[in-house]
Amino acid sequence: MPVRRVSSQRATPLSPATEATDGAEAVTRPVCAVQVEAAVVQALVQRIGAARYGLWFRGQARFLRQAEGILVATRNQQVRDWLEHTFGLVVREAAKQACGGPVPVRWSVDPAAVQEEEATPAPTRQGTPLAPAAAIPTHRGPDPSLQLLDPPPSADHRASQPPKRTLSVRKKDNTPGTNVAGPTEELTASVYVSDTDKASRRKKGNSSPAGRSITEEFTSATLAPEPGCSQRTEQPSITDLFGEPLPGASNNKRMVCREELAHRDTPLRGPRRWKRLEDFVVGACNRVAHAAAVSVVEEPEEVVTPLVFHGPTGVGKTHLLEGIYAGLKRLPEQRPCYVTAEEFTSRFVAAAHQGRLAAFRRQYREVTALLFDDLHFLATRKATQVEFLHTLDTLVAEGRPVVVTLDCHPRLADELMPELTDRLLGGAVWGLLPPDAETRLAILRHKAASAIPPIPATVLRTLAQCLRGNVRELEGAIHTLRHYARVHGRAVDLSLAREALGELIRHAIRVVTVAEVDAAVCTVLRLAPGTLQSKSRAWAVTHPRMLAVYLCRKHTAATYGEIARHFGAKTHSTAVAAEKKVRQWLEQSACLTIGSQVWNVRDLIERIERQLQR
């Protein structure tokens, strides 16, 4: 019988609960308590891989041996919910392998234990070395299932990084999951679950150890670089939810699966370029709103909240909102959150379906400032309005700034809840108007400052007089002119501008007719077509008819006689009297009762004019 020689050192374990013998099968034996933590980690790494373990467990959770089983201590409640939901089955299997049999696994929130593990030197944790490096699976060649583009960071590199932050999760259909880091303005490291991949795995009858197919993707959510700084777009930096470098990951590298990267239909996105308040062109149409935005950045504790910016599209509301966000991000104590109404609604619906409303609310109620764009998107979404109302009340009660944008004055937003409208009116409401001639010229000069080929001042002045649209239309004119000049190899002059922008200038001159004014009044006041041409003498008809006559005189070239004939009057004197009456209402800031609603005359005329511009 051959004699086995026993080494003085313990043999390298094949698994935490088994050891190999020469010429014999693996013998199962229990592992002592001090080795259980390392054994569980080693078994977990074998199942999910070193990269995923470093991403989701290192610095976020710790395995502790107790008399009744294994305790998983996590950094916070969000981390616990996410890890238990995603890796619960795998952790139980790893604990079973480490202890040589089924053991209870409990989950708890114990940030002190996690921090204690981070502060303890790696070789002496729990009085025993960590799992041997040989036990961690390595790839000696190309692996069709997982191949890292870059190796995971070393322990020395992780130790030099700031305190760890957690990540947020969303599904591949862009429905965000629970945010484990609290407030955020956008996702920075996401886990996408492919529905197609899951369906194919069901057909084949196999699945991954975690029960679903996962692609790990790192993207960037940092601010645009300051002037004069270089920007690396080919490899975005890895940051946490608040734009800070992510511990344990290199700032110029990202880890993805090559095979899944080749089949992924979602393109990688670089860092978003936030507009700045320094680039906002100030004029008579927006001076007050711009000053209010600057005050939010300079004195966020003293600003009136909520702050509302309203106006038609393309006048700079979103620019001011992004400028506030970029300014607050420069302050170390500020953690602002910028979100659109559409994104807020999508996340709210997803959280409601997944039963994670508590995490959703913490995400937006623990920020230092909330910047909410396009609130009018919530017009027909009552449940989302209620959720935003409670979020607004929480932030306002604690004195934190809330800035909101609307396409009209809050009093004219009939689709919003009366309670929400009342909250908005309790703050500061500032309007932005389409740019006047001087502001249009200043915008064109600002946009054309770096234009190649250069654009002469005479061309800019001509465009400022001919184009009466919003800022986007002016910016598009500059881009069109530059491209046309490059293609034809000619210098920019008035002749080339007429050739390149002839169609745009022709459509910019819009002729309003009496019939269009009639239709706009009926649309705003929800009257049946043809009501204003009836013979009715009721105030619900005569008052809208007077407003229509006034607007026809203001926006059309029709005479009093033509207007009177359109509305069924016998002589032009009826139209003259109607126009005088409306002017008196405007001077007196009068209110009209039309149907069951009371309207301020000036606000009602502004609403009808916006309808005419559509």
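Any value given below was found using the heavy atoms of this structure, including those in side chains, with hydrogens, waters and symmetry copies removed.
The closest donor-acceptor contact from the side chain of Asn286 to the backbone of Gly283 lies under 3.5 Å. A donor-acceptor pair under 3.5 Å is absent between the side-chain atoms of Lys317 and the main chain of Gly431, judged by distance alone. Using modelled atom types, one side-chain atom of Lys535 and one backbone atom of Gly568 make a donor-acceptor pair closer than 3.5 Å. Listed for the Arg365 side chain is no donor-acceptor partner under 3.5 Å among the backbone atoms of Leu392. Remark: side-chain polar atoms of Glu322 are paired, donor with acceptor, to backbone N or O of Lys275 under 3.5 angstrom.
In this structure, NE2 in His376 is found 7.0 Å from CG in Leu406, a value given to the nearest 0.5 Å. Taking OG1 from Thr368 and CG from Leu331, the interatomic distance works out to 9.0 Å, rounded to the nearest 0.5 Å. Rounded to the nearest 0.5 angstrom, Gln363 CD and Gln78 CD are separated by 10.0 Å. The line from CE of Met546 to CD of Glu579 is 12.5 Å long, rounded to the nearest 0.5 Å. Atom CD1 of residue Ile455 and atom CD1 of residue Ile478 lie 4.0 Å apart, to the nearest 0.5 angstrom. In this structure, the separation between CD1 on Ile605 and CG on Asn600 is 9.0 Å, given to the nearest 0.5 Å.
Side-chain contact check for Asp279 versus His446: some heavy-atom pair is nearer than 4.5 Å. Within the 4.5 Å cutoff, the side chain of Asp407 has no heavy atoms near those of the Thr313 side chain. Between Leu370 and Phe388, the closest side-chain pair of non-hydrogen atoms falls below 4.5 Å. A 4.5 Å side-chain heavy-atom check between Val429 and Arg411 finds every atom pair outside the cut-off. Considering only heavy atoms from C-beta on, Glu473 comes within 4.5 Å of Leu504 through its side chain. For the pair Gln597/Arg526, no side-chain contact is recorded, criterion being any heavy-atom separation below 4.5 Å from C-beta on. Looking at Leu463 and Leu474, their side chains never come closer than 4.5 Å, going by heavy atoms from C-beta outward. Proximity of Leu481 to Val459: side-chain heavy atoms (C-beta onward) are separated by under 4.5 Å at one or more points.
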- Query: Run the side-chain contact (heavy atoms from CB on, under 4.5 Å) check on Arg356 and Asp81 step by step: do they pass?
  - Reply: CA-CA 10 Å; Arg356 300 184 180 274; Asp81 295 342; 3.9 Å; yes

- Task: Could you please spell out the steps behind the side-chain contact (heavy atoms from CB on, under 4.5 Å) verdict for Leu320 and Leu277?
- Result: CA-CA 6 Å; Leu320 291 179; Leu277 292 177; 3.9 Å; yes

- Message: Leu467 vs Leu444, test: side-chain contact (heavy atoms from CB on, under 4.5 Å). Steps then yes/no.
- Response: CA-CA 11 Å; Leu467 301 178; Leu444 289 171; 5.7 Å; no

- Message: If you apply the rule salt bridge (charged side-chain N to carboxylate O under 4.0 Å, His left out), what do you find for Glu387 with Arg361, and how did you get there?
- Response: CA-CA 9 Å; Glu387 182 63 31; Arg361 288 163 182 158; 3.2 Å; yes

- Output, in order, the C-alpha distance, side-chain angles, deciding distance and verdict of side-chain contact (heavy atoms from CB on, under 4.5 Å) for Val601 and Leu592. CA-CA 7 Å; Val601 175; Leu592 300 178; 3.7 Å; yes

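Within the structure, ring-ring contact (aromatic ring centres under 6.0 Å, His included) contacts touching residues 284-305 (residues at least two apart or in different chains) are Phe280-His290. Applying the side-chain hydrogen bond (donor to acceptor under 3.5 Å, both in side chains) test to residues at least two apart or on different chains, the pairs with a partner in residues 426-445 are Asp436-Thr439. Listed by first then second residue, pairs satisfying ring-ring contact (aromatic ring centres under 6.0 Å, His included) with a partner in residues 548-595 read His543-Trp585, not counting sequence neighbours. The ring-ring contact (aromatic ring centres under 6.0 Å, His included) analysis of residues 391-429, with sequence neighbours excluded, yields the pairs His310-His409.
Partners of Phe309 under the ring-ring contact (aromatic ring centres under 6.0 Å, His included) rule, at least two apart in sequence or in another chain, do not exist in this structure. For Arg80, the salt bridge (Lys or Arg N to Asp or Glu O under 4.0 Å) criterion is met by Glu84, not counting sequence neighbours. Remark: Leu433 pairs with Cys285 by the side chain to side chain contact (heavy atoms under 4.5 Å, CB included) rule, at least two apart or across chains. Shown here are the side chain to side chain donor-acceptor pair (under 3.5 Å) partners of Arg423, two or more places apart in sequence or in another chain: Asp393. Applying the side chain to side chain contact (heavy atoms under 4.5 Å, CB included) test to Ser573 and every residue at least two apart in sequence or in another chain returns Thr571. Shown here are the side chain to side chain contact (heavy atoms under 4.5 Å, CB included) partners of Asp373, two or more places apart in sequence or in another chain: Thr318, Leu321, Tyr338, Thr340, Thr405.
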Please output the side-chain donor-acceptor pairs of residues 377-384 that fall under 3.5 Å, not counting sequence neighbours, one pair per line with the distance.
from   : atom 1 : to     : atom 2 : distance (Å)
Arg381 : NH1    : Phe377 : O      : 2.7
Lys382 : NZ     : Glu415 : O      : 3.2

Let me have the donor-acceptor pairs involving side chains of residues 292-308, under 3.5 Å, with sequence neighbours excluded, atom names and distances please.
from   : atom 1 : to     : atom 2 : distance (Å)
Ser295 : OG     : Ala292 : O      : 2.5
Thr305 : OG1    : Arg400 : O      : 3.4
Thr305 : OG1    : Val402 : N      : 3.0

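Counting all heavy atoms, side chain and backbone alike, Tyr364 lies closest to Thr391 at O-CG2, 4.0 Å. Closest of all the heavy-atom pairs between Cys552 and Val514 is SG-CG1, 3.7 Å. Here the closest non-hydrogen pair linking Leu389 and Met417 is CD2-CE, 4.3 Å. When every heavy atom of Lys554 is checked against every heavy atom of Glu609, the shortest pair comes out as NZ-OE2, 2.8 Å. Across Cys522 and Leu532, no two heavy atoms sit closer than the pair SG-CG, 4.0 Å. Val367 and Arg335 make their closest contact through CB-O, 3.6 Å (heavy atoms, listed as atom of the first residue, atom of the second, distance).
Of the charged side-chain nitrogens involved, none lies within less than 4.0 Å of a carboxylate oxygen, so that Glu587 and Arg583 do not count as a salt-bridged pair.
Judged by the 6.0 Å and 45° rule, Arg276 forms no cation-pi pair with Trp274.
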